[in-house]
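The structure under discussion appears below in the form of structure tokens.
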Amino acid sequence: MESRFRGNDGYFWEAAPGDALTETAALRSPRCLNRAELPLGTVELARYLIGKTLVREHPDGITSGRIVETEAYPPGDAAGHAFRGPTPRNRVLFLERGYAYVYMAYGISFLCNVSSEEAGVGGGVLLRALEPLEGIPLMETRRHSTRLLDLGRGPGRMAAAMAIDRGCDGIDLCARGPLWLGDEPRPRRAIGRSVRIGISREVEAPLRFYERHSPFVSGPTRLRA
DNA sequence: AGTGCGATTGACT
DNA sequence: GTCAATCGCACTA
């Protein structure tokens, strides 16, 4: 059994007992997730999406990455965009789970969420960081950087690397198309949990999930272990 | 119609 | 570590 797996940047992943990590497994084509297999509930979905694949099919080419960091914005959360009810901007958060809600933050970055509740109930999972898999040269062009660790580390950077913008708002991520969710390219590592990043309102519950020890996760070092 | 501010990033001390 | 950039949106009037 392999004891180490070499990632895209040469970083070596420690294999847990029982893992069978191979490069072949990492490079196979992902299977599109069915809506029925997405767990019910925002927090459950945020945890579930760690290790899954996000695939972007764009005229310029295909890019994909492994989701290594998410945050839950469940119903009733004052920091969530759904808190004050549906508006033209956040309408996708009120669709059934598995649709892309994309908005512009700070006039600078696009942020990508996955709707996470039943139809009519507002909730979302913010995708915060991606480990690049396919289309790395294209991501480098879009990000104006060749630093692999920075291509998808942070929600705005992730969206830029994947060319995710308002045009992706409302896309069904459970169907092959311009943007979709795939299964895991390789077994997940342990999942960590922490408070969310960049939230100034109210006291924080631990609603951020991340793949432990991944160098592609954003945030302070202590929130990556 | 005007205003305040944010689920960020990149540059800089 | 600090800080400015930048703009769509929700809220007030």
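Below, chain A is the first sequence line, B the second, and so on; all start at residue 1. Just the heavy atoms: all of them, side chains too, but no hydrogens, waters or symmetry mates, feed the values below. On a predicted model such as this, the values are computed, not experimentally measured, just so you know.
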- prompt: If only side-chain N and O atoms of A:Arg91 are considered, is one of them under 4.0 Å from the OP1 or OP2 phosphate oxygen of C:dC9?
  reply: no

- request: Write down the distance between CD1 (A:Ile108) and C1' (C:dC3), rounded to a whole number of angstrom.
  value: 12 Å

task: Please state how far atom CG in A:Leu111 lies from atom P in C:dC7, giving the value in whole angstrom units.
output: 16 Å

Closest to the A:Met104 side chain, choosing from C:dA5, B:dG6, C:dG8: C:dG8

query: Using 4.0 Å as the upper bound for N to carboxylate O, is an ion pair formed by A:Arg97 and A:Glu117?
result: no

query: Which part of the nucleic acid, if any, lies within contact of A:Arg153, taking any heavy atom under 4.0 Å across all strands shown: a base, the sugar-phosphate backbone alone, or nothing?
result: nothing

message: In whole Å, I'd like the distance from the CZ atom of A:Arg142 to the C1' atom of B:dT9.
response: 19 Å

query: Once you round it to whole Å, what is the distance between P of C:dC7 and OH of A:Tyr103?
result: 17 Å

Closest to side chain of A:Arg143, choosing from B:dT9, B:dA7, B:dG10: B:dG10

query: Between atom CG in A:Asp165 and atom P in C:dC7, what is the gap in whole Å?
result: 15 Å

- line: Between OH of A:Tyr106 and C1' of B:dT8 the distance, given in whole Å, is 6 Å

- prompt: Quick one: do A:Arg35 and A:Glu96 make a salt bridge, cutoff under 4.0 Å?
  reply: yes

message: What is the separation between atom CG on A:Leu151 and atom P on B:dT9, rounded to the nearest whole Å?
response: 13 Å

- prompt: Would you say B:dT8 has OP1 or OP2 under 4.0 Å from some side-chain N or O of A:Arg157?
  reply: no

task: Quick one: closest heavy-atom pair of A:Leu93 and A:His81, and the distance?
output: CD1-CB, 3.9 Å

message: C:dA10, OP1 or OP2 - any side-chain N/O from A:Thr87 closer than 4.0 Å?
response: yes

Ring centroids of A:Tyr73 and B:dA7 base under 5.5 Å with planes under 30°: yes

Base-pairing mate for C:dC9 - Watson-Crick or G-U, with both contacts under 3.5 Å: B:dG4

- prompt: Under 3.5 Å, side chain of A:Glu71 to main-chain N/O of A:Ile197, donor-acceptor pair present?
  reply: yes

- request: Rounded off to whole Å, could you give me the CZ-to-C1' distance for the A:Phe110 and B:dA7 pair?
  value: 15 Å

query: Considering residues, nucleotides and ligands other than A:Glu57, do more than 12 of their heavy atoms fall under 6.0 Å from its CD?
result: yes

field: Phosphate OP1/OP2 of C:dA10: any A:Arg84 side-chain N/O under 4.0 Å
entry: no

